[in-house]
Amino acid sequence: MKWRKLGKIFDPRDHQLANRCVEFAQSPQVLVLPDAIRVYFSTRERDEATGKFLSHIAFAEFSRDFSRVLRVNAEPVIPLGELGTFDEHGIFPMQVLPVGDEVWGYTCGWSRRSSVSVETAIGLAISRDGGLSFERTGPGPVLGPSPQEPFLVGDGFVQKVGGTFHMWYIFGTHWTRYAEGEAPDRVYKIGHAQSPDGVHWTKDEGQRIIGDRLGADECQALPSVIRVGERWLMAFCYRHAYGFRTDPTRGYRIGHAWSDDLKTWQRCDDEPLLETTPGQWDSDMNCYPHVCEVDGRIYLLYNGNQFGREGFGLAVLEP
């Protein structure tokens, strides 16, 4: 199988976004509606007090073939957390999952630190108005640090299979200064947890379910899982731990893995293959994938250069 690229379908600079956000449409996540496709993403506002970014959740609605943008949200989807909470400085990403008459949003909350740049954890927010707005189940996370996963728990992606909720997520393994005087860089891997209710989770503690391609310091992020025939396909992104901001050969690429049981995964990045496109919006980087099924076709939404600063694109899975 292969991904056939359909091009960039959304550029945040072409739309009026809420929360004074002007750039970035990162980590697109799909909610299939009866007559449209809603894509949630993270966009950024500049914090006037510090000059740093704050990440907010927004959405755009598309026609069912993704060919037209029908509207973008005018009102905030979910506010940032209160002072001192795990999502005080941003939410990126938020995966959405229909559960009965509600839409559940698994958020990755960001908060700044002193010795290192950030800490993250996974929260849960619920929408009772069809996904237009979300309310937290509480001010704290539903999945966070534990003895063998001490920091940077995030990027939760949840599927309910056979009465059990499965979550694939990332957790940090270590922070390292790779050069004298440089800020520390982080390394994170993909893990798995299960839950009977989608709220209380049991981790496969410390288990790294995806093998490394770039060595022990490979960073893996944004797992997204879908059933393809009788097997399960995971798309994720991976990069080198340092130098990725300035050297395109060390930046994010899309990886893949296959499973028969949702727990044991065989990595196969070239099946299906998604490559960068020279001279295009995704020439240097492919990152933050999301796989979904719409009207019998399997799609991949993903970001390109500069971590999604200029929006997201689309590809379709073909034999």
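Source: prediction; values computed, not measured.
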*asked:* One pair to check against ring pair (Phe, Tyr, Trp, His ring centres under 6.0 Å): Tyr299 and Phe66. What are the steps and the verdict?
replied: CA-CA 10 Å; Tyr299 291 98; Phe66 293 96; 5.1 Å; yes
Donor-acceptor under 3.5 Å ([X] side chain, [Y] main chain):
X	Y	value
Ser127	Ser133	yes
His166	Gln159	no
Thr164	Gln194	no
Ser55	Ile91	no
Tyr188	Glu218	no
Ser195	His200	yes
Asn303	Gly311	yes
Ser259	Thr264	yes

Under the salt bridge (Lys or Arg N to Asp or Glu O under 4.0 Å) test, which residues partner [X], sequence neighbours left out?
X	value
Asp65	none
Arg250	none
Arg38	Glu61
Asp155	none

_Could you walk me through whether Asp47 and Phe53 satisfy the side chain to side chain contact (heavy atoms under 4.5 Å, CB included) test, starting with their C-alpha distance in whole Å, then the side-chain angles of each, then the deciding distance to 0.1 Å, before giving a yes or no?_
CA-CA 6 Å; Asp47 187 342; Phe53 285 123; over 6 Å; no
Side chains of [X] and [Y]: closer than 4.5 Å at any heavy-atom pair?
X	Y	answer
Ser117	Trp175	yes
Ser283	Asn305	yes
Trp258	Leu233	yes
Met1	Val228	yes
Ile298	Cys292	no
Lys203	Val153	yes
Pro150	Pro145	no

If I compare all heavy atoms of [X] with all of [Y], which pair ends up nearest, and what's the gap?
X	Y	answer
Ala235	Leu300	CB-CD1, 4.4 Å
Ala315	Trp3	CB-CB, 4.0 Å
Ala18	Asn73	CB-ND2, 4.1 Å
Ser63	Ile37	O-CG1, 4.0 Å

*Quick one: do Glu88 and Lys52 satisfy salt bridge (Lys or Arg N to Asp or Glu O under 4.0 Å)? Show the steps, please.*
CA-CA 13 Å; Glu88 175 185 2; Lys52 297 182 178 181; over 6 Å; no
*Please walk me through it: do Phe236 and Ile170 pass side chain to side chain contact (heavy atoms under 4.5 Å, CB included)?*
CA-CA 10 Å; Phe236 59 96; Ile170 67 170; over 6 Å; no
*Same hydrophobic cluster for Phe59 and Leu17, using side-chain heavy-atom links shorter than 4.5 Å among ILVMFWY?*
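In one cluster with Phe59: Leu17, no.
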Would you call the rings of [X] and [Y] parallel, tilted or perpendicular, where under 30° means parallel and over 60° means perpendicular?
X	Y	answer
His15	Phe10	parallel
Tyr288	Phe92	perpendicular
Phe165	Trp104	parallel
Trp168	His192	tilted

*Take Lys189 and Asp212 through the test salt bridge (Lys or Arg N to Asp or Glu O under 4.0 Å) and record every step on the way to the result.*
CA-CA 9 Å; Lys189 307 296 184 182; Asp212 295 320; 2.8 Å; yes
Inspect the surroundings of [atom1] in [X] and state if more than 12 heavy atoms from other residues, nucleotides or ligands are less than 6.0 Å away.
X	atom1	value
Asp14	CG	yes
Arg46	CZ	yes
Glu205	CD	yes

Is [X] salt-bridged to [Y], going by a charged N under 4.0 Å from an acidic O?
X	Y	value
Asp261	Lys263	no
Arg4	Glu318	yes
Asp87	Arg136	yes

What donor-acceptor contacts under 3.5 angstrom involve side-chain atoms of residues 272-279, with partners at least two apart or in another chain?
residue: Thr277; atom: OG1; partner: Lys5; partner atom: NZ; Å: 2.8
residue: Thr277; atom: OG1; partner: Asp282; partner atom: OD1; Å: 3.4

*Verify salt bridge (Lys or Arg N to Asp or Glu O under 4.0 Å) between Arg113 and Glu119, making sure each step is shown before the conclusion.*
CA-CA 7 Å; Arg113 293 293 185 266; Glu119 171 62 318; 5.1 Å; no
Going by atom types alone, do [X] and [Y] pair a side-chain donor with an acceptor below 3.5 Å?
X	Y	result
Glu45	His56	yes
His256	Asp270	no
Tyr169	Gln95	no
Tyr238	Arg213	yes

_How long is the straight-line distance from CD1 of Ile190 back to CZ of Arg267, given to the nearest 0.5 Å?_
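Reported to 0.5 Å precision, the distance equals 8.0 Å.
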Those residues that, when tested against [X], pass ring-ring contact (aromatic ring centres under 6.0 Å, His included) (two or more places apart):
X	value
Tyr242	Tyr178
Trp281	Tyr302
Tyr106	none

_Residue pairs fulfilling salt bridge (charged side-chain N to carboxylate O under 4.0 Å, His left out) with at least one residue in residues 226-243, sequence neighbours excluded_ =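 Matches after skipping sequence neighbours: Arg227-Glu230, Arg231-Asp260.
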*asked:* Listing request: all salt bridge (charged side-chain N to carboxylate O under 4.0 Å, His left out) pairs with a residue in residues 285-309, at least two apart in sequence or in separate chains.
replied: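 As it turns out, the salt bridge (charged side-chain N to carboxylate O under 4.0 Å, His left out) pairs with a partner in residues 285-309, which skip direct neighbours, are Glu23-Arg309, Arg64-Asp295.
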_ILVMFWY clustering at 4.5 Å (side-chain atoms), partners of Leu70_ =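 Its cluster partners, ordered by chain and number, are none at all.
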_Quick test of your reading: applying side chain to side chain donor-acceptor pair (under 3.5 Å), list the pairs with at least one residue in residues 26-35, sequence neighbours left out, ordered by first then second residue._
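Pairs touching residues 26-35 that pass the test: Gln26-Arg44, Ser27-Gln29, Gln29-His290.
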